[in-house]
Amino acid sequence: MIDFSAAAFRERVQKAFSQDSEHARAPHDKTPIKDLAWHEGEVLHLKDAAVLIPIVDRGNEASIILTQRTDHLASHAGQIAFPGGKVDDHDASAEGAALREADEEIGLKPEFVDVFGYMRPYVSSTGFRIFPVLCTVREGFELVANPGEVADIFEVPLRFLMDPDNHQRKSAEWRGKMRHYFAMPYGDYYIWGVTAGILRNLYETVYSP
């Protein structure tokens, strides 16, 4: 039986990272992973972004905080996302950008967050190089959605998201090409695209046999 507590998750991440020299590199030096929708030969000017993967300490069953973006946003409207956003010029690091964005979007204060690592950058077919920042979150926080960006905040059990039986591989035509992506439906929430791709990479890095 796998232990899905926040502490056990952190231990598994650190063990997985210690066995792969790739993760000993600085975040910007890690080899990126391209999402399934990427087509080789496409040339994009990549913009840097950073997201938190916030593992909430809920005793024996940790969970991950996710958001649903508002329907009026110019990009990725209504989609499920991690807290995070673009890395601005004044951000000292990707970690700093992810923490700033999480505070601005959902009111997650840095004093409740313990950052302990980076996944490999994730390159999206929409032109972003995303730095996923791993962290645990202590209980006691209060979240408030920024109505200009976030329609909903919710948590999904880590056990559910790290179960490959819940990972669906889908395809659809977009920009004149057939694209592939992962989806992880959870209740009324349809987790797919980049968010599901990052979660799949997390599973393959930490839990895959």
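We're numbering straight along the sequence, starting at 1.
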Trace of the side-chain contact (heavy atoms from CB on, under 4.5 Å) decision for I2 with Y207: CA-CA 9 Å; I2 298 177; Y207 291 96; 3.9 Å; yes

Trace of the side-chain contact (heavy atoms from CB on, under 4.5 Å) decision for V133 with I53: CA-CA 6 Å; V133 180; I53 301 182; over 6 Å; no

Working for side-chain contact (heavy atoms from CB on, under 4.5 Å), residues V123 and D35: CA-CA 6 Å; V123 177; D35 71 5; over 6 Å; no

Check against side-chain contact (heavy atoms from CB on, under 4.5 Å), Y122 and I33: CA-CA 5 Å; Y122 191 92; I33 292 175; 4.3 Å; yes

Stepwise ring pair (Phe, Tyr, Trp, His ring centres under 6.0 Å) check, Y118 with H23: CA-CA 8 Å; Y118 283 81; H23 292 285; over 10 Å; no

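Using modelled atom types, no side-chain atom of S63 and backbone atom of L158 make a donor-acceptor pair closer than 3.5 Å. For D88 (side chain) and H90 (main-chain N/O), no donor-acceptor pair under 3.5 Å exists by modelled atom type. The main-chain N or O of F160 is never found under 3.5 Å from a side-chain atom of D163 such that the two would form a donor-acceptor pair. With E22 contributing its side chain and T31 its backbone, the two residues share a donor-acceptor pair below 3.5 Å. The backbone N or O of N201 lies less than 3.5 Å from a partner atom in the side chain of T205, making a donor-acceptor pair.
I55 is not listed as a side-chain neighbour of C135, based on a closest heavy-atom distance of 4.5 Å or more. Inter-residue side-chain proximity for T67 and I80 is flagged as unmet; no heavy-atom pair is nearer than 4.5 Å. Contact annotation: the side chain of P121 never approaches that of P27 to less than 4.5 Å [non-hydrogen atoms, C-beta and beyond]. A 4.5 Å side-chain heavy-atom check between L202 and L134 finds at least one atom pair inside the cut-off. No side-chain heavy atom of F82 sits less than 4.5 Å from a side-chain heavy atom of L52. V144 has its side chain out of reach of I106: every pair of non-hydrogen atoms, C-beta onward, lies at least 4.5 Å apart. Side-chain atoms of F154 and I65, non-hydrogen and from C-beta on, never get closer than 4.5 Å to each other. Between Q79 and I191 the shortest side-chain heavy-atom distance does not fall below 4.5 Å.
To the nearest 0.5 Å, the span separating OG on S93 from CG on L99 amounts to 7.5 Å. A distance of 12.0 Å separates NZ of K170 from CH2 of W192, quoted to the nearest 0.5 Å. The line from CZ of F131 to CD of E95 is 13.0 Å long, rounded to the nearest 0.5 Å. Here NZ of K86 is found 12.0 Å from CD1 of I130. Values are rounded to the nearest 0.5 Å.
For the pair Y186 and P157, the tightest heavy-atom approach, listed with the atom from each and the gap, is OH-CD, 3.3 Å. A pairwise comparison of heavy atoms in A97 and A50 identifies CB-CB, 4.3 Å as the closest pair. The shortest non-hydrogen separation linking R120 to P32 is NH2-O, 3.6 Å. Between R69 and A81, the shortest heavy-atom contact is CD-CB, 4.1 Å. Between E105 and P83 the shortest heavy-atom distance is OE1-CA, 3.5 Å.
A cation-pi geometry, defined here as NZ or CZ lying under 6.0 Å from the six-membered ring centre and within 45° of its normal, holds between K30 and F17.
Annotation: D20, atom CG; neighbour count of heavy atoms from other residues, nucleotides and ligands within 6.0 Å is above 12. At most 12 non-hydrogen atoms from other residues, nucleotides or ligands lie less than 6.0 angstrom from CG of D188.
Aromatic rings from F9 and F4 are positioned such that their centres are separated by 6.0 Å or more.
Here salt bridge (Lys or Arg N to Asp or Glu O under 4.0 Å) pairs that include residues 46-62, with residues two or more places apart or in two chains, are D48-R129, R58-E139, R58-E155, E61-R159.
Listed by chain and number, the residues in a salt bridge (charged side-chain N to carboxylate O under 4.0 Å, His left out) with R200 are E204 (sequence neighbours excluded).
In this structure, Y203 and H167 have perpendicular ring planes: the angle between them is above 60°, well past the 30° mark.
Connection of V87 to M119 is not established within any shared hydrophobic cluster, with ILVMFWY side chains joined at heavy-atom distances below 4.5 Å, either directly or through further cluster members.
Y189 and D152 share a side-chain donor-acceptor pair at under 3.5 Å.
With respect to the salt-bridge test (charged N to carboxylate O, under 4.0 angstrom), the residues D3 and R12 do not qualify. Checked for salt-bridge contact, R10 and D114 meet the test: a charged N lies under 4.0 Å from a carboxylate O.
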